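From a predicted model like this one, the values you see are computed outputs, not experimental measurements.
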Amino acid sequence: MDDLELTSQSVAPGDVAAWLSLRGWKQVARLGDIAQRWHGEAAEAVVPMLDSAPDFSLRWEEMLNRLAIAFDTDEAGVLLAVTQSGSDIAEFRATGQIDDSLPLGDAATFIDSVRRWMQASANSALQPRSYFGHSVPDAARDHARNVRMGQTRRGSYIIPVISRLPMLAPENVDDAVLFDEVTYQPFARTAMLRLAEGLTVLRDLTHGSSTPSPSRITEAVGAGVSSELCEAVANTLETESINGLDVSFSWAARLPVLDVPGTVALEDGALPIIREVERVLKGAPLVGRQTVTGYVKRLDRGEEDEVGRVTLRVLDNDKARNVTVELNDADYHIAGEANTERKMVSATGILHRTPGRALRFTEVDQFKFLERLPVYFTDEAGDS
């Protein structure tokens, strides 16, 4: 299998259409769910949309050829541009006694640690916890399997990890508001954000002059720091040839981000503290607080009840799901207004996941209208 074929497998037709739209092209015609015709400033191309069609491969090659000519590149260049537009990319750079190679054992540890980082960040995106042990959600395992490792690059030793953002649509019209561009964060993006946040907080915890207090360590759980994340970082820094790690992030152009680090640096001098944070988090299982956003689907409170039960409709692992929340009188009135006026809300508390049962939110300490939309923008996109 050549590089072009491998790259094509990681790009979906919808990714190409979204990329063309970002480049100023317009969709001028479509044939059902089979194909779309797009027109640029001085060129046009047909994007085959149905990958099960018998002539899909032929039409795909024709499209790539036309786009390569239109953008003055080759077919691989088109696929790379589409991938970068629709994917978040984390580049893990190992420094130390390295030229452009690593001892095989150290490389195996490094790559396995990268996989563990991706799984740990997905765990924390689903439910921040200090220690997961064997209780790893299937969705987190799937995320770690679905991200792709790009070709290693020069510059010490760099492993790019590509996380494609899916193009999703609601299954029913009521949930369409959850998929609006101003609120939608696919799970792959949430997991990558959690990785960036978790590594940043871990660096702040462990690269100071003193060991952080237990309260600071447990507070970091909500930001994505876990025993598993610490272990993966420490395992890499303990190899014979690697004494530093830089993780840099680039974000899909079609879903910009704000206030996230460009690069996070971790050094082996912090190893004793990283191992201590790992030990504390493993020894004191803790579930961190998290925030969900959605709309109020149902209200339920009796005349004599002090609290009311509310059903929120939220996005969970790219699917619309119900979450039950019990609210005090003041927050219940906010929920009632949100339901009447169809306003989005956010709730901060503890999310409980029980297999086979509905999601449940408890210990809610903040329930409000969604005023500041949870969309992030990179500095390159301009000041906001």
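The two atoms that bring Val225 and Val277 nearest to each other are CG1-CG1, 4.5 Å, heavy atoms only. Arg289 and Thr348 make their closest contact through NH2-O, 4.1 Å (heavy atoms, listed as atom of the first residue, atom of the second, distance). Nearest heavy-atom pair, Leu205 versus Ile273, reported as atom, atom and distance to 0.1 Å: O-CG2, 4.2 Å. Between Ala335 and Val310 the shortest heavy-atom distance is CB-CG2, 3.9 Å. In plain terms, the two heavy atoms of Asp204 and Arg216 that are nearest each other are O-NH2, 3.8 Å. The shortest non-hydrogen separation linking Pro186 to Leu255 is CD-CD2, 3.4 Å.
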Steps toward side chain to side chain donor-acceptor pair (under 3.5 Å) verdict (Trp60, Glu62): CA-CA 5 Å; Trp60 185 259; Glu62 290 176 349; over 6 Å; no
Derivation of the side-chain contact (heavy atoms from CB on, under 4.5 Å) call for Met192 and Met118: CA-CA 8 Å; Met192 189 69 85; Met118 303 310 295; 4.1 Å; yes
Working for side chain to side chain donor-acceptor pair (under 3.5 Å), residues Tyr295 and Asp175: CA-CA 9 Å; Tyr295 68 89; Asp175 294 331; 2.7 Å; yes
Asn123 vs Val136, side-chain contact (heavy atoms from CB on, under 4.5 Å): CA-CA, chis, key distance, verdict: CA-CA 7 Å; Asn123 283 336; Val136 178; 3.5 Å; yes
From CA spacing to verdict: side-chain contact (heavy atoms from CB on, under 4.5 Å), Ser226, Phe132: CA-CA 8 Å; Ser226 64; Phe132 290 88; 4.1 Å; yes
Audit row: Arg275, Glu238, salt bridge (Lys or Arg N to Asp or Glu O under 4.0 Å) steps and yes/no: CA-CA 11 Å; Arg275 285 297 189 191; Glu238 283 179 344; 2.7 Å; yes
Full working for side-chain contact (heavy atoms from CB on, under 4.5 Å) between Leu359 and Thr324: CA-CA 7 Å; Leu359 299 177; Thr324 59; over 6 Å; no
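A continuous path of Ile, Leu, Val, Met, Phe, Trp and Tyr side chains, each step under 4.5 Å between heavy atoms, connects Val296 with Phe369, placing both in one hydrophobic cluster. Linking Ile, Leu, Val, Met, Phe, Trp and Tyr whenever their side-chain heavy atoms come within less than 4.5 Å puts Val323 and Ile334 in one cluster. Cluster membership check: Ile159 does not share its hydrophobic cluster with Ile89, using side-chain heavy-atom separations under 4.5 Å among Ile, Leu, Val, Met, Phe, Trp and Tyr. Under the 4.5 Å side-chain heavy-atom criterion for grouping Ile, Leu, Val, Met, Phe, Trp and Tyr, Val292 is not connected to Phe187 through any hydrophobic cluster. Criterion: ILVMFWY side-chain heavy atoms under 4.5 Å apart, direct or through other members. Under it, Leu22 and Leu67 are not part of a common hydrophobic cluster.
Side-chain contact between His143 and Ser163: present, with at least one pair of heavy atoms (C-beta onward) separated by less than 4.5 Å. Annotation: side chain of Val46 is not in contact with side chain of Arg59 (no heavy-atom distance under 4.5 Å). Annotation: side chain of Ile162 is not in contact with side chain of Val147 (no heavy-atom distance under 4.5 Å). Within the 4.5 Å cutoff, no side-chain heavy atoms of Phe179 are placed close to those of Asp318. Proximity of Pro285 to Arg129: side-chain heavy atoms (C-beta onward) are nowhere separated by under 4.5 Å. Residues Thr206 and Leu271 are not in side-chain contact: their nearest non-hydrogen atoms beyond the backbone lie 4.5 Å or more apart. Using a 4.5 Å cut-off on side-chain heavy atoms (C-beta onward), Tyr131 and Leu286 make no contact. The shortest side-chain heavy-atom distance between Leu64 and Leu79 falls under the 4.5 Å cut-off.
At a cut-off of 3.5 Å, with distance as the only test, a side-chain donor of Asp106 or Ser241 sits close to an acceptor on the other residue. Side chains of Asn322 and Arg313: a donor-acceptor N/O pair is present below 3.5 angstrom, by distance only. Between Thr236 and Ser113, the side chains place a donor N or O and an acceptor N or O closer than 3.5 Å (distance only, hydrogens not considered). Inspection of the Thr291 and Ser346 side chains reveals no N or O donor paired with an N or O acceptor under 3.5 Å.
Without hydrogens or angle criteria, Thr218 side chain to Ser215 main chain gives a donor-acceptor distance under 3.5 Å. Although no hydrogens or angles enter the test, the distance criterion places a donor-acceptor pair under 3.5 Å between the side chain of Asp305 and the main chain of Gly302.
Separating the OG1 atom in Thr109 from the CG atom in Asn235 is a distance of 7.0 Å, to the nearest 0.5 Å. Interatomic distance, OG1 of Thr239 versus CG of Asp268, reported as 9.0 Å (0.5 Å rounding). To the nearest 0.5 angstrom, Leu315 atom CG is 4.5 Å from Leu178 atom CG. Between atom CD of residue Gln119 and atom CG of residue Asp142 there is a gap of 10.0 Å, rounded to the nearest 0.5 Å. For the atom pair Arg145 CZ and Arg115 CZ, the distance stands at 10.0 Å (nearest 0.5 Å). To the nearest 0.5 Å, atom NZ of residue Lys26 and atom CG of residue Leu20 are 11.5 Å apart.
A salt bridge is absent between Lys297 and Asp174; no separation between the charged side-chain nitrogens and carboxylate oxygens falls under 4.0 Å. Here Arg309 does not pair with Asp300 in a salt bridge; the nearest charged N to carboxylate O distance is not below 4.0 Å. With respect to Glu228 and Arg116, no salt bridge is recorded, no charged nitrogen being found less than 4.0 Å from a carboxylate O. Note on Arg353 versus Asp316: salt bridge recorded, some NZ/NE/NH1/NH2 to OD/OE distance being below 4.0 Å. With respect to Asp88 and Arg164, no salt bridge is recorded, no charged nitrogen being found less than 4.0 Å from a carboxylate O.
A ring-ring contact (aromatic ring centres under 6.0 Å, His included) with Phe92 is found for exactly one of Phe249, Phe110, Trp117, namely Trp117.
With a 6.0 Å cutoff to the six-membered ring centre and a 45° limit on the axis angle, Arg301 counts as a cation-pi contact of Tyr332.
By the neighbour-count criterion of 12 heavy atoms within 6.0 Å, atom NZ of Lys282 is sparsely surrounded, having that number or fewer from other residues, nucleotides or ligands. By the neighbour-count criterion of 12 heavy atoms within 6.0 Å, atom CG of Asn172 is densely surrounded, having more than that number from other residues, nucleotides or ligands. Other residues, nucleotides and ligands contribute at most 12 non-hydrogen atoms within 6.0 Å of the CD atom of Glu240. Within a 6.0 Å radius of NE2 in His333, other residues, nucleotides and ligands contribute 12 heavy atoms or fewer. Counting non-hydrogen atoms of other residues, nucleotides and ligands closer than 6.0 Å to CD of Glu341 gives a total above 12.
Two rings, from Phe361 and His352, have their centers 6.0 Å or more apart.
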